[in-house]
Amino acid sequence: MGRGEGGLTLDATAPEAAAPARRRRRRFDLTTPALLAPPVSWLAVFFLAPVVYVALYSFNVLALPPQATGFSVSAWHALIHGGVYLSLFWKSVQMSLLVSALVVVVAYPLAYFLALSGTPRKYILLLLLIAPFLTSYLLRVLAWKVILGDHGVINTFLSWVGLRSAEHPLSFLLYSRFAVMLVLGYVWLPFVALPIFVTLESLDRKLLEAASDLYASRLQAFVRVTLPLSMSGVVAAFLFVFIPTVGEFVTPTLVGGTSGYMYGNQIHDLFNSGFPDWQIGATLSLFLLGVVAALTLVFIRFLRVGEARAA
Amino acid sequence: MDVALSPSGRRVIRVFFGLVLVFLYAPIVLLLLFSFNRASVPAFPLSGFTLRWYEDFLHNGEMRAALETSAIVAVLSSVIAVVLGILASLALTRRPFRGKGLVTALLLTPLVIPLIVLGISLLLLFHQFGIQLSILTVAVGHVVISVPYTILVLLPRLAQIDRALAEAAYDLGAGPWQTFRWVTLPLILPAIVSAFLIAFTTSYDEYAVASFLIGARETFPIYLYSQLRFPDKLPQVIAVAVLVLLLSIFVIVAAEVWRRRAEARLEAPA
Amino acid sequence: MDVEREPFDRKLSRKEMLRLAGFAAGVTVVAGPAAACGAAAKHASTTTAKETGQLRVLDWAGYCNDMPHHATYTEYLRKYPENKPQYTFMTNESDALGKIRGGLKVDLFRPYVGWVEYFATSGLVEPWTTSLISNFKQLNPFMIKAGQYQGKQYGIPDDWGFDAVLYRSDKVKPTAESWGLIFDERYAGKIAWFDDLEMITIAGMHLGATDPWNQTSAEQDKSRSFLISKKHLARTFWSSETDLWQSFGSGDIWIAYAWPNDWVQMKAKGLPVVYMHPSVGKEKPIAWVGMFMLLKETPRPKAAHAYVDAWSAKKSAVWLENNYGYGHANTEARPTSSDLLNALQLTNPHAVGLPNAYLDRNIDQRATYARLWEEVKAA
């Protein structure tokens, strides 16, 4: 925190300013918890506490009537041994992994260009890249629904131009796993460029110059310097896409059809629109949360180790 | 010579960048196109220009009610999120304290939680305490989602501000609130506006969490979702979708540009 | 809602409206219009001295009140001109169950006959006082009986129709009048199923289970595996009729599980469609009857009864039949079209029973069926 922080320490240690500094220090010590109290308590009540309730429902300590309450691991048993939920989870994980990997691969060159090419319009271009993400999710999914249908934009265009007959539209475009992955990738691409951009921007150009002084080619410089140093951004970007998409249910409902049904849909059906089963639904949610939390911790550990090694 | 990119590399990536931008904006442009299309089904070939769908939308009371409801929820949740974000950022830019990492992690975690888990967990909480679902419950959920974004905008800005300014204020006898009000606040005002806008657009467009927490009054995304199943409503929906989309893009871009200019101006005398 | 729509559009929406308003007196609730409806009636007072507050109805998809005539409950509005009902939307009975258990407060809703026993024993509803329903005596006695549980009138019948198979006669040549058509390998990707645990019942019936509504574990397993093996043939599982109309009307779907109204809609679009009643072996269509049910301890029982009464009236019934392709329990109501009369066998008071169709009934193991259906979807 630069100058400011230094100034503070100086005041704190200077004996001449002892009295006012002591007063100031005490005030600061009180205000930090006071400042943190509202945001932390809001999140504690509306973010952490609800998760506790999810756990309570998943173990049937609380239950939706007419189910009788009483600690039970039957839902967990169904999850782990039933086979159905886990395979659906695995299917969703596979789809998310693919989407996330593709999106990161596409976003990397974009962020690289913005951060390292020295283009003067970099912020406006970055903004243009990110802006769609900040607009309506539903509307962007709707746009694709309109584009991909049997009688949607692509297919009517193809038949208008004569490349395909109207009787044989490309059916796999909509109501398929392909549609879900395409739309999810489309939705998250803008967001993903940001973390990679931030890491690349903070890259010390001198390292690259040093590499070229040592007769490394640009490719070598990239592989040995840039890529490793930007790994934290890449990993962050990957997580930023992967985690939300594993639990996705809106896009699969709108464009997934019967084969694009994902883990998030299963959870959604158990609370809304399907025969209610809050116990299983809570269990599936908790499982998802657990996997996500574990993944995040693993990646953060990996990042710390990576950074330590790189430093 | 450019150590990062060769001239041909530059050209290739520039083209790639252009293609990606086309890919990102093409569906939006297509929606725009079809919002003026006479046919009620969005398909090629185009069948003529009309403003009818925009007119229809203007007469659509349900849609306007949903837009209003969303605005109320968005304003409510954004104001709260920004206030919480300011408080958190102020605390986090102070001297490091024990547990700072943990607190930061807590405050930023909603970014990575799958929205379905957030929606369901809040549903269960409200159900347990007999709280009736309404726009207030939706707003509560949206605050949780928006706080990380506000912190991510405000924190860097606060850290950037020269602490010596605040110190000077204290030396002159100003209390903490006065320092904040007259020194810090004006300096972070552009960031506050930015944070508010981000929180606003996040809340306005949010569907997943809202779908679990909504009561009788619909927000716009909920209304939109329910209309997607009515084919004769689709053109109107597309018309308003286009308007909302373009407006959000414009607002975001304009706000960011303004923020940068304002902050640059604020830094200039120093 | 805009008034100057094409006649075709208006007819479509009226049909949707019909679906909603028609049979169930209480429950048709539409989330979308709820805001408008809610806002309008919030400041209204009811005409009865004791009851206050707006009548809240949970019903199937469609619109509330957007039609100026409110044809299916005009008499209710005559009695309670300032208490326009506030609607909430249910996708199906499971959804309604989840919403009500989850805390949604409504006065009445409209599940179908197969759920009467379930809700009657759930503790969520109470029986109607039939003396308060003036049109009760005009209702079909067979259907009235179906709405009773242990002698009490839990459900007031309103609309009725069938679950059967709708297909395009120009594209599809069925080998038999059977449910097998929605499992036909020849038409992969052109089929739509219904997104509900009822598919387990249908699969059971097609596979020859003794009692499709109460299948043994072995039969349940067979039904589930069968559905999973055939899932790739279905392009979508529809949950709201407009989804079906959109896909069927645009030619994405040629074969679907459908209700008579869907047949009427597709015919209106000019498509050559056939509504096939399965009749091979023990197969038959499933008949359903909408049942208004009264939520326990509702603060507005008189308004609720009046609403149901309006729905049961002959005029409402005729309007429904004319515009919706469903029958109505009111035996004195006859649609103006005789084609419709014949197609629905509206002069036959036992049209919803054997030997014509299997009346939908209670599934004792409903939660199990629900889980099986979820497993089919997840597979």
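Residue numbers start from 1 in every chain, and the chains themselves are labelled A, B, ... in the order their sequence lines are given, proteins ahead of strands. Keep in mind the model is a prediction, meaning the values are calculated, not measured.
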So, the part of C:Ala367 with a heavy atom under 4.5 Å from chain A: the answer is both
Once you measure the plane-to-plane angle for C:His206 and C:Phe183, does it fall in the parallel (<30°), tilted (30-60°) or perpendicular (>60°) bin?
tilted
Heaviest contributor of heavy-atom pairs below 4.5 Å to chain A, chosen from C:Lys231, C:Arg101, C:His232, is C:Arg101
Could you tell me if C:Arg366 sits above the aromatic ring of C:Trp115, with its cationic atom closer than 6.0 Å to the ring centre and no more than 45 degrees from the axis?
yes
Ring centres of C:Phe237 and C:Phe194 under 6.0 Å apart?
no
So if I take each residue of residues 243-257 of chain A and look for any heavy atom under 4.5 Å from a heavy atom in chain C, which residues do I end up with?
A:Gly257
Any luck finding a side-chain donor-acceptor pair between C:Gln365 and C:Gln215 under 3.5 Å?
no
Per-residue contact mode, C:Asp252 against chain A (heavy atom under 4.5 angstrom)
both
Can you name the ring pair (Phe, Tyr, Trp, His ring centres under 6.0 Å) partners of A:Phe238, sequence neighbours left out?
A:Phe242
Who are the salt bridge (Lys or Arg N to Asp or Glu O under 4.0 Å) partners of C:Glu375, not counting sequence neighbours?
C:Arg224, C:Arg371
In terms of the angle between their ring planes, are A:Tyr186 and A:Trp144 parallel, tilted or perpendicular, with boundaries placed at 30° and 60°?
perpendicular
For residues 84-96 of chain A, give me every residue with a non-hydrogen atom less than 4.5 Å from any non-hydrogen atom of chain C.
A:Val84, A:Tyr85, A:Leu88
By a 4.5 Å heavy-atom criterion (distance strictly below it), what part of A:Ser259 contacts chain C: side chain, backbone, both, or neither?
neither
Look at the aromatic rings of C:Trp259 and C:Trp60 and report parallel, tilted or perpendicular, splitting at 30° and 60°.
perpendicular
Taking the six-membered ring for Trp, are the ring centroids of A:Trp278 and A:Tyr57 within less than 6.0 Å of each other?
yes
How about C:Trp288 and C:Asp163: does a side-chain donor come under 3.5 Å of a side-chain acceptor?
yes
Looking only at side chains, do A:Asn60 and A:Ser72 share a donor and an acceptor under 3.5 Å apart?
no
